[in-house]
Amino acid sequence: MTDMRTDQQSESKKMIRVDISKSLEFIGLPLITFEKNGESLTFLLDTGASMNLIKKNVLEHFHYDAKQLPQKTQYYGIDNVCHETHMYSFSFRLGDFEYCEHFQEIQEPDALKLDTEEGCFEIHGILSSQFFMKYRAGFSYDTMEMFFTAPDNLS
């Protein structure tokens with residue numbers, strides 16, 4: 001679902017542009033697909049969320065790559081219930097670029113599953129305002145693109 005192109009923004013930073021038109025047409029939400037060890041992970045882009053979230057089953061599947069951090073944290077879900085959860089460091093790829101973010105785990109197995117005309121569609125996590133600020137990200141609904149700077153760790 002993710003089409004990507006890279007533009008030279010300045011001498012030191014590259015601007016990534018990702019086509020989000022397919023996800024907007026498919027489910028009406030901006031999604032981005034990253035890769036982890038050859039598998040696709042789809043994240044909802046939510047500028048109103050204050051923290052990055054990732055599903056517990058994703059962390060369990062990639063347990064050898066997900067590093068649990070010492071602190072626990074709390075968040076209020078859409079259900080207005082306080083959830084205490086672990087924090088993890090987790091990395092993923094988009095083309096030539098590797099991103100490493102801190103995530104809070106979502107423990108509910110059915111969270112972020114959407115029913116579509118084609119069946120059930122699973123979203124693996126949410127990228128929040130933390131991601132948007134770190135990579136100076138934004139949207140252009142005119143061109144149906146998300147744009148953000150590349151990380152410093154070009155590999």
Side-chain angles (χ1 to χ4, degrees), residues 1-75 77-78 85-107 111-114 116 121-155:
M1 220 182 256
T2 300
D3 294 324
M4 180 185 87
R5 74 175 203 263
T6 305
D7 299 332
Q8 190 69 34
Q9 181 186 30
S10 69
E11 290 181 22
S12 62
K13 288 287 185 180
K14 290 187 179 203
M15 183 62 69
I16 309 290
R17 295 188 179 276
V18 178
D19 181 356
I20 58 171
S21 63
K22 292 176 186 155
S23 71
L24 290 172
E25 291 169 12
F26 180 60
I27 61 169
L29 296 170
L31 303 174
I32 189 168
T33 303
F34 293 99
E35 287 189 22
K36 180 70 176 176
N37 300 339
E39 296 182 48
S40 296
L41 295 173
T42 301
F43 288 85
L44 172 67
L45 305 167
D46 186 351
T47 59
S50 60
M51 74 223 48
N52 297 321
L53 299 167
I54 193 166
K55 292 178 74 169
K56 183 177 181 177
N57 65 337
V58 174
L59 294 167
E60 290 170 347
H61 181 74
F62 295 106
H63 62 87
Y64 44 87
D65 287 331
K67 179 182 174 191
Q68 185 174 329
L69 302 174
Q71 72 268 30
K72 279 191 164 185
T73 188
Q74 296 178 339
Y75 71 92
I78 198 164
T85 180
H86 292 281
M87 292 286 296
Y88 289 85
S89 176
F90 188 72
S91 62
F92 42 86
R93 296 188 71 76
L94 181 62
D96 293 334
F97 305 102
E98 185 167 345
Y99 295 85
C100 186
E101 295 295 316
H102 290 169
F103 288 91
Q104 292 177 322
E105 70 177 342
I106 301 173
Q107 296 181 355
L112 301 178
K113 286 189 178 179
L114 302 174
T116 67
F121 181 78
E122 183 174 2
I123 297 172
H124 299 101
I126 296 174
L127 291 177
S128 71
S129 58
Q130 293 175 341
F131 181 86
F132 281 79
M133 289 186 319
K134 184 175 180 180
Y135 297 107
R136 297 191 310 268
F139 293 106
S140 169
Y141 284 103
D142 289 340
T143 61
M144 294 190 147
E145 291 179 312
M146 176 194 176
F147 51 89
F148 49 97
T149 57
D152 294 330
N153 62 359
L154 181 60
S155 53

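For the numbers below, each heavy atom of this structure counts, side chains included, while hydrogens, waters and symmetry mates do not. Model, not experiment: these values are computed from the prediction.
To the nearest 0.5 Å, the span separating NE2 on His86 from NZ on Lys72 amounts to 4.0 Å. How far NZ of Lys56 is from OH of Tyr88: 7.0 Å, rounded to the nearest 0.5 Å. In this structure, CG on Asn57 lies 10.5 Å from CD on Glu105, to the nearest 0.5 angstrom. With rounding to the nearest 0.5 Å, the separation of CG in Leu112 from CD1 in Ile106 is 4.5 Å. Taking CG from Leu24 and CE from Met144, the interatomic distance works out to 5.0 Å, rounded to the nearest 0.5 Å. Remark: Glu39 CD to Phe34 CZ distance equals 16.0 Å, nearest 0.5 Å.
Defined by atom type and a distance below 3.5 Å, a donor-acceptor pair is present between the side-chain atoms of Asp19 and Ser21. With 3.5 Å as the limit, one finds no donor-acceptor pair spanning the side chains of Gln130 and His102. Side-chain contact check for Lys36 and Ser91: at least one donor-acceptor pair (N or O, by modelled atom type) lies under 3.5 Å.
Side-chain atoms of Glu35 and Leu41, non-hydrogen and from C-beta on, never get closer than 4.5 Å to each other.
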**Request:** Start with the C-alpha gap between Val18 and Leu94, add the side-chain angles, then the distance that decides, and say whether side-chain contact (heavy atoms from CB on, under 4.5 Å) holds.
**Result:** CA-CA 10 Å; Val18 178; Leu94 181 62; 3.9 Å; yes
**Message:** Ile32 vs Phe131, test: side-chain contact (heavy atoms from CB on, under 4.5 Å). Steps then yes/no.
**Reply:** CA-CA 12 Å; Ile32 189 168; Phe131 181 86; 6.0 Å; no
**Message:** Apply side-chain contact (heavy atoms from CB on, under 4.5 Å) to residues Phe103 and Val58 and explain how you reach the verdict.
**Reply:** CA-CA 11 Å; Phe103 288 91; Val58 174; over 6 Å; no
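Contact between Ala66 and Leu59 at its shortest, heavy atoms only, is CB-CD2, 3.7 Å. Heavy atoms only, all atoms of each residue included: Thr33 and Ser40 are closest at CG2-CB, 3.7 Å. The minimum heavy-atom distance between Pro30 and Ile20, with the atom names listed, is CB-CD1, 4.0 Å. Heavy-atom minimum distance, Phe43 versus Ile54: CZ-CD1, 4.2 Å.
Counting only distance, with no hydrogens or angles, the side chain of Asn52 and the backbone of Ser128 share a donor-acceptor pair below 3.5 Å. One N or O on the side chain of Ser129 and one on the backbone of Ala49 form a donor-acceptor pair closer than 3.5 Å. With hydrogens and angles ignored, the 3.5 Å screen pairs no side-chain donor or acceptor of Ser140 with any backbone N or O of Glu145. Judged by distance alone, the side chain of Thr42 and the main-chain N or O of Ile123 form no donor-acceptor pair under 3.5 Å. Not a single donor-acceptor pair under 3.5 Å links the side chain of Thr85 to the backbone N or O of Thr73.
Ring pair Phe92/Phe90 is tilted by interplanar angle, where 30° to 60° counts as tilted.
The aromatic ring centres of Tyr135 and Tyr99 sit less than 6.0 Å apart. Between Phe139 and Phe132, the distance separating the two ring centers is shorter than 6.0 angstrom.
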